Structure formats: structure tokens, C-alpha cells
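Written out below as C-alpha cells is the structure these notes cover.
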Amino acid sequence: MALKPNSTDTRTRSSIQIFIVVGLCCFFYILGAWQRSGFGKGDSIALEMTKHSADCSIVPTLNFETHHAGEVGNVDESEKPKSFEPCHPRYVDYTPCQDQSRAMTFPRDNMIYRERHCPREEEKLHCLVPAPNGYVTPFPWPKSRDYVPYANAPYKALTIEKAIQNWIQYEGNVFRFPGGGTQFPQGADKYIDQLAKVIPITNGMVRTALDTGCGVASWGAYLWSRNVIAMSFAPRDSHEAQVQFALERGVPAVIGVLGTIKMPYPSRAFDMAHCSRCLIPWGANGKSYILYLNGMYMKEVDRVLRPGGYWVLSGPPINWRNNYRAWQRPKKELEEEQKKIEEVAKLLCWEKKHEKGEIAVWQKRVNDEACSGRQHNSQANFCKAEEANDVWKTVGVVKIAVKYIASALSMFMPAFILASHLYKKMDACLTPYPDVSNPEEVAGGKLKPFPERLYAVPPRVASGSVPGVSVETYQGDNEKWKKHVGAYKKINRLIDSGRYRNILDMNAGLGGFAAALDSPKLWVMNVMPTIAEKDTLGVIFERGLIGIYHDWCEAFSTYPRTYDLIHAHGLFSLYKDKCNLEDILLEMDRILRPEGAVIFRDEVDVLIKVKKITAGMRWDTKMVDHEDGPLVPEKILVAVKRYWVVGANSTSVQ
């Protein structure tokens with residue numbers, strides 16, 4: 001006869017089983033949380049740094065004030081870092097890709113010699129570009145708009161050459177900028193007031209502007225008070241130090257020229273473009289200007305001009321009948337030039353809104369519906385729509401070929417032929433409008449007025465034009481960067497103080513960093529690396545911000561000591577195995593002001609390599625944990641460039 005099971009034993013076994021199951025569930029829950037935290041993905045290194053190093057703390061000892069620097073963080077003495085020596089004093093204003101001596105070896109036709117011509121690998125400098133003797137921190141904005149310390153850019157040529165036009169005056173130990181220009185000797189303010197009678201500058205609908213051939217950028221400087229941000233450019237040495245003066249004043253500017261290659265901006269980027277006697281041959285004729293007979297430069301402006309945007313041309317040949325004597329140019333030549341401009345504007349379907357005195361204003365149509373007639377015009381050759389943002393150099397086969405066979409080919413052909421294939425050539429075609437569903441619709445989407453557009457969903461995001469970026473992705477990115485910037489402000493309390501005027505974001509993404517920093521005290525140059533997975537520079541412009549395409553394997557188109565603060569998020573992970581990280585850091589040092597600051601945000605193993613290189617660059621650094629805690633593998637490395645000048649020792653608290 002079978003024994004009846006004991007009910008007490010059964011209950012005991014059931015309790016044990018339940019206990020085991022609950023225990024296993026808890027174990028695997030904890031294990032999953034541990035894995036999601038990132039612990040184990042390089043964080044054993046981070047944890048050791050947190051435990052044993054003072055580097056992973058909020059940085060009370062790193063001094064961001066001017067004329068002082070912070071303490072050097074703990075450095076592993078087992079392997080001494082490479083020390084970089086100062087460059088020769090002749091390189092104090094060195095611009096690698098616009099070097100004057102190299103430029104003069106290229107053809108002058110079509111301004112080729114003023115375009116980007118970067119040094120080959122064996123020609124690169126591996127030293128620290130010094131500041132000039134007497135260099136001081138620029139004045140804070142808005143005083144910097146009107147005054148620049150003489151020692152920072154000691155060049156007086158413009159004070160003589162442009163004396164009657166009120167560009168610049170030398171007064172003791174400073175330059176003063178009265179706000180004048182070739183076309184507005186009475187001041188940029190009055191000139192802008194004239195434009196505002198035709199263009200809605202004050203209601204927020206005109207936010208981004210392009211100033212071609214900017215001089216010392218007084219037009220852009222005085223637009224700032226109207227909440228308009230201008231991207232200004234001019235060639236190196238066309239007028240001595242003009243772009244350098246613009247940057248010392250705290251005005252956004254880059255070295256650039258309209259020559260044979262495309263401007264490094266996306267399509268439909270600017271609300272307004274401007275040329276004030278900029279010496280660009282928009283409607284030139286004659287054999288030496290054969291490139292421009294098809295209106296190529298105006299077509300390139302049309303590419304970057306937003307539907308409904310404005311183009312301002314002041315100076316020759318506008319109203320030539322009344323002005324030809326003052327310009328000392330033949331009537332026939334000026335008449336032909338303006339006729340050509342009018343013909344190209346008609347082909348582009350721009351509407352002429354104003355011509356008075358020496359100022360003319362055209363407006364680009366909001367869509368192609370009113371321009372249907374040009375489809376049958378034999379001169380209306382349209383570009384491929386998918387190539388509208390394709391502005392940087394060819395990569396892949398061409399790049400590899402240049403890298404491995406340039407030295408051999410250089411024996412048989414001039415250097416400029418090799419270089420000419422590296423950047424996208426300007427097209428003589430018309431950039432098509434995006435499709436619309438009705439005649440009133442703005443092609444590409446209507447923008448909100450600024451500042452509302454800063455956080456409104458950009459049309460390129462709303463329409464799904466950027467693969468992988470949804471409305472939810474965009475909004476989440478904004479919240480993330482508000483959090484990140486909040487953490488930065490706790491680390492460096494000078495960010496909001498006006499200490500940093502010119503700011504560079506080397507890997508801008510959707511522009512969240514710049515948006516979170518938005519302030520009348522500063523501006524951000526948002527750089528879209530040409531090797532980035534997603535091209536989001538058009539989104540950045542639709543937010544009312546400015547930016548530029550660039551490959552950080554090459555030098556940036558700016559002078560030394562341009563930026564007060566540099567931000568590099570994920571940049572060194574992006575360029576890992578693409579080019580020498582040392583070269584990127586030396587370029588950052590070149591364009592960073594003495595006592596300027598850098599914020600790196602990247603994986604901890606990458607930042608350790610960066611920190612090791614910067615130990616030999618006269619920078620003081622500290623590693624900081626991610627704002628979510630020490631177990632997150634992404635860290636923050638903050639740095640301050642020490643103050644030092646030609647022939648002098650650096651300042652540092654050792």
C-alpha cells in the first residue's frame with residue numbers, strides 16, 4: 001500500500017523552489033542592469049581613474065580666467081609624453097590651406113590661387129603656432145565690435161588704404177572700427193536701415209545671412225543687434241588681415257573666395273545674401289572672364305539661398321548711368337555687366353524688388369510654380385537634385401590615388417592639377433526647387449521666425465529628408481544637449497559670462513549644443529564633418545544657426561587664435577583610423593586663443609589618448625565623469641590652453 005505524501009514536506013519543497021526562482025530572477029535583473037550601465041565596456045579603466053585619480057572630479061582647480069591657467073592633472077610618468085616645440089615666429093599668422101607662398105604657385109585665373117591648397121603630409125608643421133608679442137584677450141562683446149587690441153593683429157595697411165571709407169582707424173594701442181564700408185562710409189547702421197525698408201530684417205524671418213567679400217565684416221557686426229547672424233567670408237591677404245580683424249571683433253567669418261569650387265554650405269541655407277562692392281564679377285564679360293559668362297557665381301548664390309530669400313548687390317554696376325564717372329569705368333562696360341546680371345537673375349526666376357542709388361535687391365521665388373517657362377529655356381540646364389548638398393571633395397578612389405601616387409605624378413604634372421580634383425567644382429546648372437503641392441507652398445518648407453525656429457521642428461526633419469532623424473530623435477537630441485550644456489556650465493562657470501564669444505563645435509550633429517548655448521553674448525560655428533554618417537547641416541541652418549562643411553584631416557579656413565572655446569563631441573572616435581589625431585589636436589591649438597578652453601566628450605579610452613598628446617602641448621587638462629555617473633563609459637575632458645607668446649615662457653600654475 002502506497003504511503004500518503006506528507007503535506008508539510010510538500011509545502012517545504014515548494015517554498016524552496018519559489019525562493020530559488022525569485023533569487024534567480026533578482027540575480028539576472030541585477031546582471032542586466034549592470035550590463036546596461038556600460039560597466040565592463042572599458043569602464044574598468046574609468047573606475048580605476050575614478051578611485052585613484054583626482055582627474056575625475058568636478059574641476060575646481062582648473063582655472064578658466066584670462067592670464068591664468070589651471071593645474072596640470074595627474075600624468076603617468078612611466079611614459080613621458082611627446083613635447084611639441086613652438087613654431088618659428090614667422091608662422092604667427094599661419095593658415096595652412098591658404099598659405100601665401102604656396103598660393104603663388106597656383107594659377108591666378110578664376111581666383112584658383114586664392115582657393116584652398118593644403119600642405120601635403122610631408123609639408124605639415126608639427127609645432128605650436130605662437131601668439132604675437134603683447135597678445136591680450138579680446139574685449140568682450142559688444143565692445144569688441146568697435147575695438148581690437150593692436151598687438152593681436154598689428155597691421156596698419158587698411159587704416160591708410162581705406163581711410164576715407166571709415167573701415168578702420170588706429171588709435172594708440174587699439175584699432176577702432178567706426179562701422180564704415182566702401183558702400184556705406186556713413187556707417188553700417190544707416191545702410192542696414194535702408195535695406196530694412198525692402199527686406200523684413202526686423203521680424204525674425206531673416207535670420208541667416210551670407211556676406212561675400214566681407215572686408216572687416218562691419219555689415220555682419222551691425223546685423224547682430226537685429227538678431228541676424230551673418231556668415232562672412234573673404235580671401236586671405238586680398239586686403240591685409242580683413243578676416244582676422246572680423247574674427248578679433250567677434251564676428252563670424254572664414255577665409256574663402258568664389259573661384260572654381262562650391263561654397264562649403266548646404267542648399268537653401270541663407271535667408272539673405274549680400275555683396276557690397278565685393279569685387280566678384282557677377283556679370284563680367286571678356287575672354288579673361290569666360291567662366292562667368294554663364295552666371296555661375298549667381299547660380300551658386302541661388303543654390304545656397306532659401307526660397308523666398310533675398311540677394312543684395314550694392315556698388316558697380318548698379319545704376320551705372322548716374323555713377324560711371326565716380327567709378328571711373330566706361331559706360332559701355334558697366335551697361336553690359338548689369339545687363340548680364342539682369343539676364344541671369346531672370347533665368348534664376350528672381351524678382352527684382354528694388355533699385356535705388358547704388359543698391360539693388362532681388363527676391364528668390366518661394367517655389368518653381370512661377371518659373372515654369374524656364375523649363376523650355378535652352379540655357380536652363382538643371383543640376384541633379386540629389387547633388388545640391390554635394391559640396392566637399394571627392395573621396396575614395398581619388399583620395400587613395402592622391403595619397404599613394406601623388407609623389408610620382410608630381411614629377412610629370414603641376415601640383416595644381418593634382419589638387420584640382422579634390423574639391424567639388426562649381427556647377428553651371430540651376431539647382432531645382434523641392435517639389436510643392438500648390439502654388440503658395442514654400443519649397444522645402446516654411447520656417448518659423450527666429451527665435452521660435454531655434455526649437456521648432458525643422459522642415460527637413462518633419463519631411464523625413466534626413467535618413468535616420470525623426471521628429472522624436474530631434475526632440476530627444478535637444479533635451480540631451482540641454483542636459484550636457486547644463487553640466488558644462490557647472491564645470492566652467494565662465495561659459496555664460498561673456499568670456500567666450502567665438503565658439504566652435506567640431507562635430508555639430510543637429511546643432512543641439514549651439515541651441516542650448518544660444519545667447520546674444522556668443523555665436524557658434526557648427527561644423528559638419530564630411531565623413532559624418534548623417535548630413536544634418538541643412539537642419540542646423542533651418543534652426544537659425546550657421547555652420548560649414550569641413551574635413552578635420554585638413555586645416556580649417558581660419559586664422560590662428562580664432563576661437564575662445566572649442567567643443568569636440570565624438571570627434572576623435574569619428575576620425576579614429578581616418579587621419580592622425582595629433583594633427584587634429586595641433587590644428588585645434590592653432591585656432592584656439594591663449595587661455596581659451598576646450599571641452600572633449602568621447603569614450604574614455606579615446607580621451608586617454610587625447611590627454612596624453614595634449615600633455616606635450618602646453619595645455620592643462622582634467623578628466624570629468626559623465627553627468628550620469630562614473631559607470632558611463634563616455635567621459636568629459638576639459639582643457640585650458642596656457643598663455644604664451646613668441647619668445648616667452650607659458651604661464652601655468654605648476
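The structure presented is a predicted model; accordingly, all values stated were derived computationally and were not measured. Side chains included, hydrogens not; waters and symmetry mates left out as well; all remaining heavy atoms used.
Put simply, the side chain of K299 gets close to the backbone of A428: a donor and an acceptor are under 3.5 Å apart. Put simply, the side chain of R590 gets close to the backbone of F556: a donor and an acceptor are under 3.5 Å apart.
Using a 4.0 Å cut-off between charged side-chain N and carboxylate O, K340 and E336 make no salt bridge. By the 4.0 Å N-to-carboxylate-O rule, E358 lies too far from R277 to be salt-bridged with it. The pair R593-E248 counts as a salt bridge, with a side-chain nitrogen and a carboxylate oxygen less than 4.0 angstrom apart. Salt bridge R236/D99: absent, no basic N to carboxylate O contact under 4.0 Å. At a threshold of 4.0 Å, the pair D189-R226 counts as salt-bridged, since one of the basic side-chain nitrogens sits closer than that to a carboxylate oxygen. Ion pairing between a basic and an acidic side chain is recognised when a charged N comes within 4.0 Å of a carboxylate O; R303 and E300 show such pairing. Here E554 pairs with R116 in a salt bridge; the nearest charged N to carboxylate O distance falls below 4.0 Å. A salt bridge between R306 and D271 is present, with a side-chain N of the basic residue lying under 4.0 Å from a carboxylate O of the acidic one.
Using a 30° and 60° split on the angle between ring planes, F245 and F175 fall in the perpendicular class, above 60°. Using cut-offs of 30° and 60° on the angle between ring planes, the pair H274 and W219 is parallel. In this pair, W350 and W362 present their aromatic rings tilted. The plane angle is within the 30 to 60° band.
When all heavy atoms of P178 and W167 are compared, the closest pair comes out as CD-O, 3.7 Å. Shown here for M525 and A253, the closest heavy-atom pair between the two residues is CE-O, 4.4 Å. Here the closest heavy-atom approach between residue G544 and residue I229 is recorded as O-CG2, 4.0 Å.
Remark: aromatic rings of W523 and W141 are distant, center separation not under 6.0 Å.
For the residue pair S218 / R249, a side-chain donor-acceptor distance below 3.5 Å is found, with atom types taken as modelled. Donor-acceptor pairing under 3.5 Å is recorded for the side chains of S314 and Y191.
Of the options W552, Y549, Y423, a ring pair (Phe, Tyr, Trp, His ring centres under 6.0 Å) to W392 is made by Y423 and by none of the others.
No cation-pi contact links R145 to F177, judged by a cut-off of 6.0 Å to the six-membered ring centre and 45° from its axis.
With a 4.5 Å cut-off on side-chain heavy atoms, Y310 and H354 do not count as touching. Within the 4.5 Å cutoff, the side chain of V254 has no heavy atoms near those of the T558 side chain.
Put simply, CG on N389 and CZ on R268 are 7.5 Å apart, with the number rounded to the nearest 0.5 Å. Note: I192 CD1 to Y222 OH = 9.0 Å, rounded to the nearest 0.5 Å.
Annotation: D435, atom CG; neighbour count of heavy atoms from other residues, nucleotides and ligands within 6.0 Å does not exceed 12.
Disulfide status for C371 with C349: present, SG atoms under 2.5 Å apart.
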